[in-house]
Structures are given as structure tokens and as C-alpha cells.
Number of protein chains: 2
Amino acid sequence: MKTRDKIVQASLELFNKHGERNISTNHISAHLNMSPGNLYYHFRNKEDIIRSIFTLYESDIIKDFKPYLTQEVNSELLLNYFDTLFNILWNYRFLYNNLADILSRDEVLKVRYRQTQEQVLSRSNYIIAQLKDDGVLIIDESEIAPLADTLKLMTSFWVSYKLTQSKSPIGSISKASLYEGVLRVLLILKTYAAPNSITTFDKLKEHYQEQVTSSIQPEDEIKE
Amino acid sequence: MKTRDKIVQASLELFNKHGERNISTNHISAHLNMSPGNLYYHFRNKEDIIRSIFTLYESDIIKDFKPYLTQEVNSELLLNYFDTLFNILWNYRFLYNNLADILSRDEVLKVRYRQTQEQVLSRSNYIIAQLKDDGVLIIDESEIAPLADTLKLMTSFWVSYKLTQSKSPIGSISKASLYEGVLRVLLILKTYAAPNSITTFDKLKEHYQEQVTSSIQPEDEIKE
DNA sequence: GTCTATAATAAGATAGAC
DNA sequence: GTCTATCTTATTATAGAC
């Protein structure tokens, strides 16, 4: 692995664990047993590192969050979809965990962020419209955009929301919490489900409820 | 106004405007034409100021977010309810704007925050149960808790969400955006509306849609 | 490419005079 | 209660040797 990539990976890891504002460039280089000078040989500054991480996030989102192209919309398809999305948000949780602050310090990143989000939103709209056309959902045309936006908000901030409520001082949550988020999205979507797609939603719900149960981590059981 | 209160008010104002991490104690005292020493005479440290602001937020929330006690659940009642809640969140937006970071630096505050949120959640649950009992909503018992939690997430992060999407570099949003948030909450609640309460929801929707239209600020029209 | 040493800045916080 | 002056510390970042 190239030094540059090592720095990006270590930064991502530390940012997620402790929060971006609590990790200095010195922390990063120390974590890698590397001199600060070396870090600054590879990156102009901390902002530059964050932007590099954002590039990874961007490409993950754009690569995996695509309108479905197969004909059949079954539960497997939707399942895979949500799974992927929530996992990406988990992998880059430091970002949403501190979004306003990070964007307030970097105008360029703010513009990039907004552009990515517009793409995500437009794809979400398209997907919901597809689900409507395919008879999976019954929804008024005028409600598609608000629904897409609501689901985006929920998905984006789910991890942050759970983290602020977790009792563990480390500030980590378990996979179970991620799956709870998926269940929450399903609950909203289901209120728009067409009669003959209810079973699809029920199957999905069942699947994720199993995941929640089976992936509960010890840290969830910590009592004060 | 006492100096202590002046400091709290100025801090809240500056935190909301620029973000808590971008405002130092020196900024606050300079804004008040006051010496840093004087500020530190009234507060032990910055953490102490933030805790004082949190106390105000806490009391606003606890005071205004109460299960309704009148018999009649009409649109005026619900309207007042949401209005109040969204306005509180607007007044203390710096908090949710940077929640994870702020809580990560103050274990005591994190505990207080969690306790407040548990109260809010338990009250939300109670209110939804009341609405069910009064025949306003039709909802399965098992879905009350997830619904309450979902609405809480949406309400809490709505302002932050809109701020990250706004184009204005100042990072401010208009009242119109707040009312949009209320509309979004209504849209979710409406999917559970009992047939004879649909008109209530429609009236509410109409009211807030008017608010959105009439309160659009010039800054919303800024083009790049 | 990588290291050591160090400069520059800014934030948080205190001492002591008035 | 309030001010001025100042200290400490952490963070970002650079210079110059290897």
C-alpha cells in the first residue's frame, strides 16, 4: 500500500473513531509511526486529506446507489440496495457526524458535497418513480419528491442519531443499529406499498429483524 | 441584563451563526466589547458556557413539549405544537448542527443530553398513543415507538439537513425551510390518519404551505 | 520519501492591578 | 466586576538534513 493511501485509510479510521475535530495531523502520523513531515510531503494540509476521503465516499455512493436496471423488483434487490447504502454511511460516519462543521471550513468541499447530494436525490426520485411504475408502491406524483428527501435525511443522519444516544463512551454502535435504520426506512416505505407487494416488504422486514437480533454486540448491553 | 446572561446570549447567537467550533471565548468577549478576563470571571471555561446554553434548551423543550391536556385535538392544537418545537430547534441550531462533536468533548453533557432525549421520546410516545386513543390516528401498537423515534430524528436534524444544502455561505436558512420541516412531519403522520381526521391534516398542510410561500426570504433566491 | 527540529498561530485560561 | 498582560498548550505547517 502506498504511503498516501495509508494516510487516507488511517485518517478515515481515526476520524470515525474519535471525530475529525479530535484528530490532528500529528495524531495521524503518530498512529502510522511516521513523521509529521512525511505526512505533509504527501498532503498539503488536513483539508486535503479530508477531500481525498470524500472522493472515496463519492465514488462509493455513485457506484453503488444506482437505479435498478433488472426487470424484476424482488425483495433481494431492495435488500441489497439498503444494505449497501447503510454500510457506506457507516464507513464514512465521521462525515455526517460532523457535517456542518466540516463543510463550514471548506467552501470547495461544500460545493462538491451539494453536487453529490443532488445526484443522490435525483436518483432516489427516479427509483421511487420506478417502484411506482412497477406497481410496487402506490404514491401520488406530488409526494415522490418529499418522500425521497425524507428517506435521504433519515438514511444520512441515522448513524449520527444512534451514536448520540449510545451509552458507550467510545461512541461506537453495533451493526444491529444499522439494520434498525433499514427497518425504519422500510416502515415508511411500507405505508405506500401496493397490496400485492406487502409480502415483499414483510420478507424484507423479517430478514432485517433477524439481522438485528443476531448481530447485537456486547457493547449494547453495557449498563451504567 | 446581567453580564452572565449577556455572555450566554452572545455565545448562542455566535454559535448559531458561525458554528461552535469556529467561535472562541475571545470572539465572544470581543463581540461584547469585553475583556477575556471578564468572561472567565463569569464562567470557568467554554464548556461551562455551552452547558448554560443547554440548560436553556432543556427548559424550553420540557416546558413546551408536553402531552396535550385539553380534551379536543383540533388542528390549532397540533399546529401550535409543531410550530413551537421547530422554533426551539431553530433557536438552538448550533447544537444539532454539531451534536456529536460537542458531546464527544463533554461526558457530563452527553449524559444530560441523553436524559433529555429520553424524556422527549417518552412524551412523543405518549402523545401518539393519545392521538390513537382519540381516534385521530390509526396505528398498530407496535409501530408507535418506531414512529415516535423517526419523527424525533427528522425534527432534530431537519435544520442541520437544510443548512448543509443551502447555497448561502453564511449558512443560514429561512423560516420557510422550517415550515417545510413541519410539512414533512405532517406527511408522515397523515399516512396514519383516521378517515375523519384527514380534514384536520389537510387544514394543517394548507396552513403551513401558506407559511412556506409567504416567508420565502431574499437569500433563498441567491444564485451562484 | 522520510526524518528531526522548529516556527507560527490561535485558543483556552490565569494573575494581578484597578 | 472588569481590565491588561501574559502563559500554556495544541495544532498546523515548513525547513533542511539524510
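The structure presented is a predicted model; accordingly, all values stated were derived computationally and were not measured. A note on names: the letters A, B, ... follow the listed sequences, proteins ahead of strands, and every chain is numbered from 1. When reading the values below, keep in mind they use all heavy atoms of this one structure, side chains included, and skip hydrogens, waters and symmetry mates.
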In whole angstrom, give the distance that lies between atom CG of A:N38 and atom C1' of D:dT12.
16 Å
Separation of D:dA10 atom C1' from A:I28 atom CD1, nearest Å, is 15 Å
Taken in chain and number order and not counting sequence neighbours, the residues that satisfy side-chain hydrogen bond (donor to acceptor under 3.5 Å, both in side chains) with A:Q211 are none
Round to the nearest Å and state the distance from A:N33 atom CG to C:dC3 atom C1'.
13 Å
Could you write nucleotides 5-18 of chain C as a row of B, S and -, 5' to 3', where a protein heavy atom under 4.0 Å of any base atom gives B, of only sugar-phosphate atoms gives S, and otherwise -?
------SSBB----
For C:dT2, does either OP1 or OP2 sit under 4.0 Å from a side-chain N or O belonging to A:Y41?
no
Does the pair A:R112/A:E58 count as a salt bridge with the N-to-O cut at 4.0 Å?
yes
Got a second to check how far A:S166's OG is from A:Y161's OH, nearest 0.5 Å?
12.5 Å
Rounded off to whole Å, could you give me the CD1-to-P distance for the A:I50 and D:dT11 pair?
14 Å
Give the rounded distance in Å between these two atoms: CD1 of B:I7 and P of D:dG1.
11 Å
Under a 4.0 Å N-O cut-off, is there an ion pair linking A:K110 with A:D106?
no
To the nearest Å, give me how far apart CG (B:D5) and P (D:dG1) are.
12 Å
Could you state the atom-to-atom distance from CE of A:M34 to P of C:dG1 in whole Å?
12 Å
Residues at least two apart in sequence or cross-chain that pass side-chain hydrogen bond (donor to acceptor under 3.5 Å, both in side chains) with B:D60, listed by chain then number, are B:Y92
Can you tell me how the ring of A:Y96 sits relative to the ring of A:F157, calling it parallel under 30°, perpendicular over 60° and tilted otherwise?
perpendicular
